[in-house]
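Index from 1, following the sequence.
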Amino acid sequence: MSQPLTTRPTVAGISIFPFRQPPPLCTFLFVIVLFVATFYTLHHPDAVTPTLLFSRNSHNALRLRRLFLSSASNATISSYLRELTRHPHLAGTKPSLETLNYVQNHFKSLGLETHVAEYEALLSYPTHISVTARFSNTTTLEFDLNDVPGDSFSSSPVVRPYHAYSPSGSAQGNVVFVNHGEERDYHALESIGVSVKGCVVLARKGETLGRGAIVKIAETKGALGVLIYAENDGGGFGGIERGTVMRGIGDPVSPGWPGVVGGEKLSLDDELVTRRFPKIPSLPLSLRNAEIILASLGGARAPLEWRNSGRVGSGQRVGPGRTVINMTFQGEMKMKKIHNVVVTIRGSEEADRYVILGNHRDAWTYGAVDPNSGTSALLDISRRFALLLKSGWRPRRTILLCSWDAEEFGMIGSTEWIEENVLNLGASAVAYLNVDCAVQGSGFFAGATPQLDGLLVDVLKLVQDPDAVGLTVEETFKSQNNIIQRLSRVDSDFSGFLHHAGIPSIDMYYGADYPVYHTAFDSYDWMIQNADPLFHRHVAMAGIWGLLGIILADEPLIPFDYISYAEQLQVHRDTLSKLLEGKVSVNPLSMAIQEFSLVAKEAADEAKKLKEKSYSKDDIAASAKRRELNDRLMLVERGFLDAEGIKGKEWFKHLVYGPAAEPESKLGFFPGIADAIAINASEGVIEHEIWRVARAIQRASKALKGGFT
């Protein structure tokens, strides 16, 4: 049984003490000032408030950040999450419109400038699913594919487990277990004389391949259909993991351009559309049902490297035996309107520069973790920003708060918005800060482009750890030997911003993973019983996320550290060099990185000199120099984009942290080089990819240096 939420002192209905111990005296006194300011603004709405607490001349960054943190409320975040998860809200369905209205009305009730960007997209829904097994003793079993206890599919509001964009059809054949479904797993099967041609394959989802890649590889091996299960068993409840198997991201019938209402849409039989979808059907399966199939398999024993891994025992057989699976998926593709909600908090001095905070709103089921733990944090950030605005604060740069739609189908909402605004983003976006699943469990995790590492660590030092009294998030993050990951993966809305538009990005979450991912058990009850009973982790995440936004929007000089980026590039170069074993020269990379390091040091020295000057917006010369340097700092990431993109994934343009096209690529960076190595390309092809990355780094150097050759 979970503990009740704590009751905490409030000002104007806002919790003052979000953590377990009282704040220092200075914070308490400042909250008293806040109370006076709030009372005044509530009763004198026409008063000129910008000089009340904050003015640009007397702006105190430390006090502002303390005020933002002190206005947190775990009870308020809990109430947001409860409302967001009252019903399932799959994108394109009627309940999703109720969630849209809730989020939109929340922003409007705070007096924030709010609009909805609407698009049309092709979404995929199930109409019928079934999986039946016939065993060697001639008995048959039709598997229960319902993960909502006590409910039938006809009465449950939860969508039945399926793979979006799987083709409709049936597959019947003997079963072969293919482990994680990677190329190396098929090679292992071939070494023991097992082929999957004409069979239905059973795969357990691993950490390397997504569903779409598992199905794609099985398709190339001649399989007729694919069943995929997750070993976490939905937390012991028998949950079944839903998901998409579409290749690439964004609306499949408007590839490369925004799916605006009334805009161009390709036909379903267009080659650009059909290549996004698998050719063989696939379905998700629960662990319990998968174990029944696994126990029935005959044939050869599982390869040694599979045994005693996860739940694969030493005696496991892989088939094909006499067990036959008959699986059917019938679905329908529908054009649906999707809706992104965008809040604009206009900047006071650089209104044409944008700091963007984003989270998606749609969910496969109730979405308490994915994504509405992040949505509830975003709603609370908006509430706190509204409080700061009433107290006289305005950010230097414009802040956008974005609630994306249809992410679960393939980051569709954010991708369409990026495609519609790509030129303006390239010219004026400072950074994108993404939170999808804000709270999955314990421990802070983050991925970022390297110039944001230092800022992220500095912010973690300002936020109290939700699980360790007296420690900051930075202290526990460091003690757990966690590192800031890089963002080459494609699993949330940061992908389009970084990989296509070249916007510096951060992605953050609490908890490495969670057992009810994409199942019917991802509910408010599961959250309060397991992941965050008192919502302290939600408060911490909202604090980190909001502070990052404030600092990036308010600091006169954008706090990007390209010396850190240069050091990371050097580490990548060294790793690549070891992998190549001298067969191909990496000298072009070495020279480009050396140049980038020198320019990064010059930019850091320039920033240091400008910081030493006292800030005044009336100092026109200094303001012009800051603006010019900020523009260069902002544009560097765009230099890593290449117009031709990554071969096989041309929409993805980033040559340092884009996603590799080959699932077997061995690097988490330099995707073009990694792909060339993975397919055993010639030395000339690998060398060409090295030169492409070197030229991208040179472009980034020129952007940071400024001027022309």
Side-chain angles (χ1 to χ4, degrees), residues 131 133 163 166-167 169 171-231 241 243 245-247 275 277-285 287 290-291 293-325 327 648-649 659-668 671 674-681:
V131 177
H163 288 159
S166 170
Q172 180 173 307
N174 297 105
V175 186
V176 176
F177 175 55
V178 296
N179 197 31
H180 297 304
E182 300 175 23
E183 284 283 356
R184 61 183 176 182
D185 293 322
Y186 287 98
H187 294 157
L189 288 174
E190 290 168 5
S191 70
I192 57 175
V194 176
S195 170
V196 303
K197 190 172 183 179
C199 297
V200 172
V201 303
L202 176 65
R204 54 174 174 164
K205 192 158 174 276
E207 296 181 358
T208 304
L209 296 185
R211 300 170 209 87
I214 293 173
V215 177
K216 180 180 180 181
I217 293 174
E219 184 182 307
T220 65
K221 303 299 180 182
L224 300 179
V226 183
L227 297 173
I228 302 175
Y229 70 96
E231 288 192 313
E241 182 183 309
V245 290
M246 182 177 70
R247 296 158 191 170
R275 72 184 186 185
F277 305 144
K279 301 294 189 294
I280 60 175
S282 65
L283 282 171
L285 207 61
L287 174 62
E291 287 179 332
I293 297 173
L294 288 168
S296 74
L297 295 182
R301 290 185 182 275
L304 282 173
E305 58 267 34
W306 300 6
R307 299 180 198 174
N308 300 313
S309 169
R311 299 188 183 223
V312 177
S314 59
Q316 179 64 56
R317 305 277 179 171
V318 298
R322 295 175 62 187
T323 299
V324 175
I325 287 291
M327 59 178 287
K649 285 190 171 184
E662 294 297 323
E664 303 300 313
S665 294
K666 296 180 180 179
L667 300 173
D675 285 340
I677 295 171
I679 63 173
N680 295 313

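Between the side chain of S166 and the main chain of S282, a donor-acceptor pair closer than 3.5 Å is present. A donor-acceptor pair under 3.5 Å is absent between the side-chain atoms of N179 and the main chain of W306, judged by distance alone. Looking at H163, its side chain never comes within 3.5 Å of a backbone N or O of V245 through a donor-acceptor pair. E662 places no side-chain N or O within donor-acceptor distance of the main-chain N or O of I679, the cut-off being under 3.5 Å. In terms of modelled atom types and a separation under 3.5 Å, the side chain of R301 and the main chain of R317 share no donor-acceptor contact.
Heavy-atom contacts from other residues, nucleotides or ligands closer than 6.0 Å to NZ of K216 number 12 or fewer. Atom CZ of R322 has 12 or fewer heavy atoms from other residues, nucleotides or ligands within 6.0 Å.
For I325, the side-chain contact (heavy atoms from CB on, under 4.5 Å) partners at least two apart in sequence or on another chain are V131, A133, F143, V175, V200, L227, I293, M327. Under the rule for a salt bridge (charged side-chain N to carboxylate O under 4.0 Å, His left out), the partners of R247 that lie at least two apart in sequence or sit in another chain are E219. Applying the side-chain hydrogen bond (donor to acceptor under 3.5 Å, both in side chains) test to D675 and every residue at least two apart in sequence or in another chain returns S665.
For P303 against V318, the heavy-atom pair with the smallest separation is CD-CG1, 4.2 Å. Residues A300 and V194 share a closest heavy-atom pair of CB-CG2, 4.3 Å. Scanning both residues, F177 and L202, for their nearest heavy atoms gives CD1-O, 3.3 Å. What you find for G319 and L297 is that their closest heavy atoms are N-CB, 4.2 Å.
Salt bridge annotation for R184-E190: absent, with no cationic side-chain nitrogen under 4.0 angstrom from a carboxylate oxygen.
Atom CZ of R211 is separated from atom CD of E241 by 5.0 Å, given to the nearest 0.5 angstrom.
The only member of V178, I217, V201 that meets side-chain contact (heavy atoms from CB on, under 4.5 Å) when paired with V226 is V201.
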